[in-house]
Structure formats: C-alpha cells, structure tokens
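Have a look at the structure below before the remarks.
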Amino acid sequence: MTLLFLALAIAFEVTATVSLKFSEGFSRIGPSIVVAIGYCGAFYFLSQALKRGMPIGVAYGIWSAIGVAAIAIIGVLLLGEKLTMIQVGGIALVILGVMALELGGAH
C-alpha cells in the first residue's frame, strides 16, 4: 500500500510540475488550479506513504528520481525540450543514488 501512495504522490507532483509550465507564471487560471491541487495531492499521498512506515529517505529518493526522469522525458516528448548526454548521465546518477539508499537499507 505504501508504494501505491508513493506512486500517487509522484503522479500528482509530475502533473503539477508540467502544469506549472503551462500556467505561465500563474497568469492562466486553469493550469494554476491544477498546480495547487497537484502539489497538495502530492504531499498528502507522500504523507500517507510515510505514515504507513516507508522510510523518509527512501520515499523522497524514489519520488525525486522518478520525478526528475519523468519530467525530463515529458519535456523532450511533449514540450520540445532538448536532453544532452550529460543530463541523461545526471538522471542516471540520481537513480543510482536511490538504488544505493534501497540496498544500503536492506543490510
């Protein structure tokens, strides 16, 4: 159940972050409302994952790694942004860091 709450937190956060781009500095009401609801939902679901026993370092690490990767991919596929090999390497390092947190906690 904790992973479901964490997945929902990530989905809400990614949705809010993409909407932040479309809000044009909060000058467009629709995307601005999605930003507010998205971030509130993200923190609510993250709190539920933590409440059910997920370690905070692991939860935040997974959230940030998946969020960074998802936003970068969305930026390339839907927003016409470029992604350099150095940026891809950085995303890989974030993911490896999260894996190290997970593996380190298992021992």
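Any value given below was found using the heavy atoms of this structure, including those in side chains, with hydrogens, waters and symmetry copies removed. No experiment lies behind these values; they were computed from the predicted model shown.
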Report the distance from atom OG of S64 to atom CD1 of I71, rounding to the nearest 0.5 Å.
12.5 Å

Establish whether M1 and M54 are linked, either directly or via other cluster members, by ILVMFWY side-chain heavy-atom contacts under 4.5 Å.
no

Those residues at least two apart in sequence (or on a different chain) that pass side chain to side chain donor-acceptor pair (under 3.5 Å) with E81 are none

Work out which heavy atom in A65 is nearest to a heavy atom in V98; give both atom names and the distance.
CB-CG2, 3.5 Å

At what distance, to the nearest 0.5 angstrom, does CD1 of I33 lie from OG of S19?
11.0 Å

Test side chain to side chain donor-acceptor pair (under 3.5 Å) applied to R52 - qualifying residues, sequence neighbours left out:
Q48

Can you see which heavy atom on V14 is nearest to which on G67, and at what distance?
CG2-CA, 4.1 Å

Does one hydrophobic cluster hold both Y60 and L50, with members joined at side-chain heavy-atom distances below 4.5 Å?
yes

May I ask you to check whether over 12 heavy atoms, not counting those of I56, lie within 6.0 Å of atom CD1?
no

Show the nearest heavy-atom pair for residues S27 and S32, with the distance to one decimal.
N-OG, 4.4 Å

Hey, could you give me the OG1/CD1 distance between T17 and I74, rounded to the nearest 0.5 Å?
9.0 Å

When rounded to the nearest 0.5 angstrom, what is the spacing between CD1 in I86 and CD1 in I91?
12.5 Å

Measuring only between side-chain heavy atoms, which start at C-beta, is L46 closer than 4.5 Å to F5?
no

Over 60° means perpendicular and under 30° means parallel, so classify the ring planes of F45 and F12, tilted if in between.
tilted

What's the spacing between L8 CG and L4 CG if we round to 0.5 Å?
4.5 Å

Do the side chains of V68 and I10 join up, straight or via other hydrophobic residues, at under 4.5 Å, putting them in one cluster?
no

What heavy-atom pair brings L20 and V35 nearest, and what distance separates the two atoms?
N-CG2, 3.3 Å

Working to the nearest 0.5 angstrom, can you tell me the gap between I73 CD1 and I66 CD1?
10.5 Å

Beyond-backbone contact of V76 with K82, side-chain heavy atoms, under 4.5 angstrom
no

